[in-house]
Amino acid sequence: MVNAQTGEDLHIRLEETQALDRDCTTLSRHVLQQLQSFSPDAQDISALMNRIALAGKLIARRLTRAGLVENALGFTGTVNVQGESVKKMDIYANDVFISVFKQSGLVCRLASEEMEKPYYIPENCPIGRYTLLYDPLDGSSNLDTNLNVGSIFSIRQQEGNDEDGSARDLLQSGRKQIAAGYILYGPSTMLVYSIGRGVHAFTLDPSLGEFILANEDIKIPDHGPIYSVNEGNFWQWDDSMREYIRYVHRHEGYTARYGGALVGDFHRILYQGGVFLYPGTVKKPEGKLRLLYESAPMAYLVEQAGGRASTGTEEILDVLAEELHQRTPLVIGSKEDVALVESFVKEQKRISNQG
Ligand code: AHG
Ligand code: MN
Ligand code: MN
């Protein structure tokens, strides 16, 4: 006979049941719960997210051993379409996504920061299939010093034919994204995603090989103390950005955090509030970050979490790309902090219009 359970026992039982339930809230189950449907489309999205999770696990595994494995770290000696030196891990991560999605039967094309043209999988390509846009390894300058890096992904519907590989159908507003998110390779590996029903974070449990629900329906604070920007570029910003930086230098309540990887800097702001900026410069008004696979997926997420993302003058999700690897200035985070940065841009415009 089960002894009469004390209140304490029942409390422990309840906690254990809750922990078990949480451990059973895997990513694929969560996606289907989100969609409240088992339709073929819902199954597709769930399968796509599962493939993203597999890519994340493969990259995380390589990263944890990178310092011990021959040829995992360092440069390839080549320069990519961005004009940036390519790290061996950039290529490994890029190839992981291709291998994982090539077999999926779901994805028609993969467009990556590391490939000038999209990788086209013709047999998977009935119209209405999906295209993955991704930054396979974000923040690769952190790699050789074992600091956090990430992967960023954006999923769009395949529209029309793209025989000439121009990927013109991808150059549409970020509001056409059907899913977006990132994987953060930090002390733990986290996957943060949205399919348009809020932002949800999962932590990889290596013992299970599963991403387990950590935070559901994350909402970014309307204001936060963090400003995240590479102040080493101060000399090449236009006056509006300099004025904003002077403002935060002179007012209490701000704290600078900059990790050199968009994914890690954004993740901190998603939880604690504040703003990340990668402004354009006088020489490069378009800035450094790429619209289709860095700024737009992050903008999709931050709007789902109640925040904002702008170029300083225009909502990121309204920007229409003219080419696959187009860059945009990025101001992203808490809506009040993004608005404050924009107010300096507006003020600068007013002054220059006065002549
Ligand atoms: P990637 O490694 O994919 O090229 O991205 C690096 C980006 C972004 O992650 C980060 O915010 C920014 O570059 C850092 O640039 P700076 O080193 O110029 O600050
Ligand atoms: Mn990047
Ligand atoms: Mn990258």
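All heavy atoms count here, side chains included; hydrogens, waters and symmetry mates do not. Counting starts at 1 for both ligands and their atoms, following the listed order.
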His30 ring center near Phe211 ring center (under 6.0 Å): no

Residue, atom name and distance, where the atom is the protein heavy atom closest to atom 5 (O) of ligand 1: Asp138 OD1, 3.2 Å

Metal site the Mn ion (ligand 3): N/O/S of Asp90 inside 2.8 Å: no

Presence of salt bridge, Lys87 and Glu114, under 4.0 angstrom: no

Side-chain H-bond candidate by donor/acceptor type, Tyr293 with His325, under 3.5 Å: yes

For atom 4 (O) of ligand 1, closest protein heavy-atom neighbour: Arg290 NH2, 3.1 Å

Atom nearest to the Mn ion (ligand 2) - Glu294, N, O or S atoms considered: OE2

Spatial distance of atom OG (Ser151) from atom CD1 (Ile183) [nearest 0.5 Å]: 5.0 Å

Cation over ring face, Arg62 and Tyr92, 6.0 Å, 45°: yes

Under-4.0 Å heavy-atom contact with ligand 1, by part of Met89 that carries it: neither

Ligand-side contact atoms (ligand 1) for residue partner Glu294, heavy atom cut-off under 4.0 Å: 3 (O), 5 (O)

Any side-chain heavy-atom pair of Asp265 and Arg268 under 4.5 Å: yes

Interatomic distance, Met49 atom CE to Leu54 atom CG [nearest 0.5 angstrom]: 12.5 Å

Option of least heavy-atom distance to atom 7 (C) of ligand 1 (set: Leu262, Ile152, Leu289): Leu289

For the Mn ion (ligand 3), the closest N/O/S atom belonging to Glu113: OE2

Whether Asp138 has an N, O or S atom under 2.8 Å from the Mn ion (ligand 2): yes

Leu73-Leu147 co-clustered via ILVMFWY side chain contacts under 4.5 Å: no

The Mn ion (ligand 3) - name of the N/O/S atom of Asp135 that sits closest to it: OD1

Lys346 side, atom NZ; Ser240 side, atom OG - distance, nearest 0.5 Å: 11.5 Å

Protein residue, atom and distance nearest to atom 14 (C) of ligand 1, heavy-atom basis: Tyr258 OH, 3.3 Å

Nitrogen or oxygen of Ala261 less than 3.5 angstrom from that of ligand 1: no

For atom 1 (P) of ligand 1, closest protein heavy-atom neighbour: Gly139 N, 3.6 Å

Whether Tyr227 and Tyr244 hold their rings parallel, tilted or perpendicular, with breakpoints at 30° and 60°: perpendicular

Closest approach of any protein heavy atom to atom 3 (O) of ligand 1, naming residue and atom: Asp135 OD2, 2.9 Å

Taking atom 18 (O) of ligand 1 as the reference point, the nearest protein heavy atom with its distance: Tyr278 OH, 2.7 Å

Ala93 backbone or side-chain N/O/S under 2.8 Å from the Mn ion (ligand 3): no

Donor + acceptor pair across side chains of Gln326, Arg290 (<3.5 Å): no

Value rounded to 0.5 Å, distance of CG in Leu213 from CD in Gln33: 8.5 Å

Side-chain ion pair, Arg350 and Glu347, N-O less than 4.0 Å: yes

Ligand-side contact atoms (ligand 1) for residue partner Phe276, heavy atom cut-off under 4.0 Å: 11 (O)

Part of Phe266 with heavy atoms under 4.0 Å of ligand 1, whether side chain, backbone, both or neither: neither

Plane angle bin for Phe97 and Phe101 - parallel if under 30°, tilted between 30 and 60°, otherwise perpendicular: parallel

Shortest heavy-atom approach to atom 15 (O) of ligand 1 - which of Glu114, Lys288, Glu113: Lys288

For Glu84, the ligand 1 atoms whose distance to one of its heavy atoms is below 4.0 Å: 4 (O)

Heavy atom of Ser141, distance to ligand 1 below 4.0 Å: no

The Mn ion (ligand 3) to nearest N/O/S of Glu114 less than 2.8 Å: no

Ligand 1 contact by Asp265, heavy-atom criterion under 4.0 angstrom: no

